[in-house]
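Read through the structure below, which is laid out as structure tokens, and then see the notes.
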Amino acid sequence: MPSNMKGRSFLRLMDCTPEEVNMLIDMAIDLKKMKRIGVYGKKLEGKNVALIFEKASTRTRCAFVVACYDEGAHPEYLGKDDIQLGKKETVKDTARVLGRMFDGIQFRGFKHETVEELAKWSGVPVWNGLTDKFHPTQVLADFQTVKEKFGYLKGIKFAYIGDGRNNMANSLMEGAAMVGMDYRIVSPKSLHPEAGLVNQCNEFAKKTEASITITDNIAEGVKGADVLYTDVWASMGEEDKIPERIALLKPYQITMDMVKKTGNPEVIFLHCLPSFHNNETDLSKKFPDICEATDEVFESKHSLVFDEAENRVHTIKAVMIATLGN
Ligand code: CP
Ligand code: NVA
């Protein structure tokens, strides 16, 4: 039991030590096994958990709710039109009110500063369920999926292809640096990550023997990869950028040809989801070239995206137990 995480918030992976990141992943693997054989715990019994959502969510919301019920906590959903956060009440005041009523708070929204403000003033653990800058709980589920497939994380060749400066690319870079992966961001130069964050990750990489490569060269970036990862080309809040992103990122679409370019027949395909991979959604009907991966790859034997989605619940449960559990 990671008692040293008790009472702490989880806003980005760098809030943890590398040992803690590895431990959360191992906890999630164990919690998954227990749930599969029908054994549930009471580690969150009597806890009240607030779930604040400024943006839409399927997986994160459901994972928090299911994880709470599995361990005996009570979750309360607070959508963007349900509370005053930042509109008629400061984030600081809402944080202090919620902290008097709830034992833990999840926040999904736009500005990373909002989740920092909640953590600063609520007095209870706050968990980042996605901001414009980071999506740390997703990375735990991604790495759990990698560990279940390959048995280890250190040295894994992990290629992230697409929008190299979004919340997923950033959080995966932090996570990869912490667990010692060979992490590559493969994207056009105009979408490369902020130098400051790359430098911070490189500092970690020195200790963990990770390596971080940022390139616009697809062949170089995917060579030998164990994991091909992508995300939508325009994140929530960037819908007006869809046409320009399609023009920039079309060559970076994950295709079977790219899978073959890795030279690794065991390579896996991961995606945080939701994903455009066919023309069956409203947006992909409107923008037929929006797909960041082809349907062929998404539905192929390489794709572990639904294991990865399931793992959201086990990893989020691990985070809540580690920081709040009885
Ligand atoms: N991957 C992820 O965070 O999914 P949701 O947006 O559905 O929560
Ligand atoms: N980058 C995406 C991730 C969704 C889980 C977004 O922020 O919309």
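Whatever order the structure lists them in is the order used to number ligands and atoms, beginning at 1. All residue numbers refer to positions in the sequence shown, counting from 1.
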Exercise for the section: Measure the distances from the heavy atoms of L273 to every atom of ligand 2 and state whether one is below 4.0 angstrom. Expected result: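 Per 4.0 Å heavy-atom rule, L273 contacts ligand 2.
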Tell me which protein heavy atom sits closest to [atom], plus the residue, atom name and distance to 0.1 Å.
atom: atom 2 (C) of ligand 1; answer: R312 NH1, 3.3 Å
atom: atom 3 (C) of ligand 2; answer: D231 OD2, 3.6 Å
atom: atom 8 (O) of ligand 2; answer: M236 N, 2.8 Å
atom: atom 4 (O) of ligand 1; answer: R59 NE, 2.8 Å
atom: atom 4 (C) of ligand 2; answer: L130 CD1, 3.8 Å
atom: atom 7 (O) of ligand 1; answer: T58 N, 2.7 Å
atom: atom 6 (O) of ligand 1; answer: R108 NH1, 2.8 Å

Does the side chain of [X] pick up a donor-acceptor pair with the side chain of [Y] at under 3.5 Å?
X: T94; Y: W121; answer: no
X: Q138; Y: D142; answer: yes
X: H271; Y: E292; answer: yes

Exercise for the section: To the nearest 0.5 Å, tell me how far S190 OG sits from D216 CG. Expected result: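 Between S190 OG and D216 CG, I get 9.5 Å after rounding to 0.5 Å.
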Within a reach of under 6.0 Å around [atom1] of [X], are more than 12 heavy atoms found that belong to other residues, nucleotides or ligands?
X: K87; atom1: NZ; answer: yes
X: D282; atom1: CG; answer: no
X: M101; atom1: CE; answer: no

Exercise for the section: Kindly confirm or rule out an N or O of S235 lying under 3.5 angstrom from an N or O of ligand 2. Expected result: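 Yes: some nitrogen or oxygen of S235 is under 3.5 Å from one in ligand 2.
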Problem - Short N or O distance, N167 and ligand 2, threshold 3.5 Å exclusive - result: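 Yes, there is a polar N/O contact under 3.5 Å.
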Exercise for the section: Could you list the atoms of ligand 1 found under 4.0 angstrom from a heavy atom of C272? Expected result: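 In order of numbering, the contacting atoms are 1 (N).
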Practice task
Give the numbers and elements of all ligand 1 atoms closer than 4.0 Å to a heavy atom of Q138.
Solution key: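 By the 4.0 Å cutoff, the relevant atoms are 1 (N), 2 (C), 3 (O).
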Problem - Presence of salt bridge, E220 and R184, under 4.0 angstrom - result: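 Answer for the salt bridge query: no.
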Practice task
Run the salt-bridge test on E116 and R12 with the 4.0 Å N-O cut-off and return the result as yes or no.
Solution key: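 The answer is no: the pair does not qualify as a salt bridge.
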Problem - For F306, all residues meeting ring-ring contact (aromatic ring centres under 6.0 Å, His included), sequence neighbours excluded - result: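 Partners of F306 under the ring-ring contact (aromatic ring centres under 6.0 Å, His included) test: F298.
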Practice task
Using salt bridge (charged side-chain N to carboxylate O under 4.0 Å, His left out) as the criterion, point out the one residue from K32, K33, K147 that pairs with D26.
Solution key: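 When salt bridge (charged side-chain N to carboxylate O under 4.0 Å, His left out) is applied between D26 and each of K32, K33, K147, only K147 qualifies.
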Problem - H135 to ligand 1, any heavy atom closer than 4.0 Å - result: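 H135: in contact with ligand 1 (<4.0 Å).
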Practice task
Record the part of L130 in heavy-atom contact with ligand 1 below 4.0 Å; permitted values are side chain, backbone, both and neither.
Solution key: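 No part of L130 comes within reach of ligand 1.
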Problem - Test of proximity, M236 against ligand 1: N or O pairs below 3.5 Å - result: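 No: no nitrogen or oxygen of M236 is under 3.5 Å from one in ligand 1.
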Practice task
With heavy atoms under 4.0 Å as the rule, classify the contact between D132 and ligand 2 as side chain, backbone, both or neither.
Solution key: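 Contact part for D132 vs ligand 2: neither.
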Handout entry: Where ligand 2 meets N166 - atom numbers and elements under 4.0 angstrom, heavy-atom basis
Key =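 In order of numbering, the contacting atoms are 1 (N).
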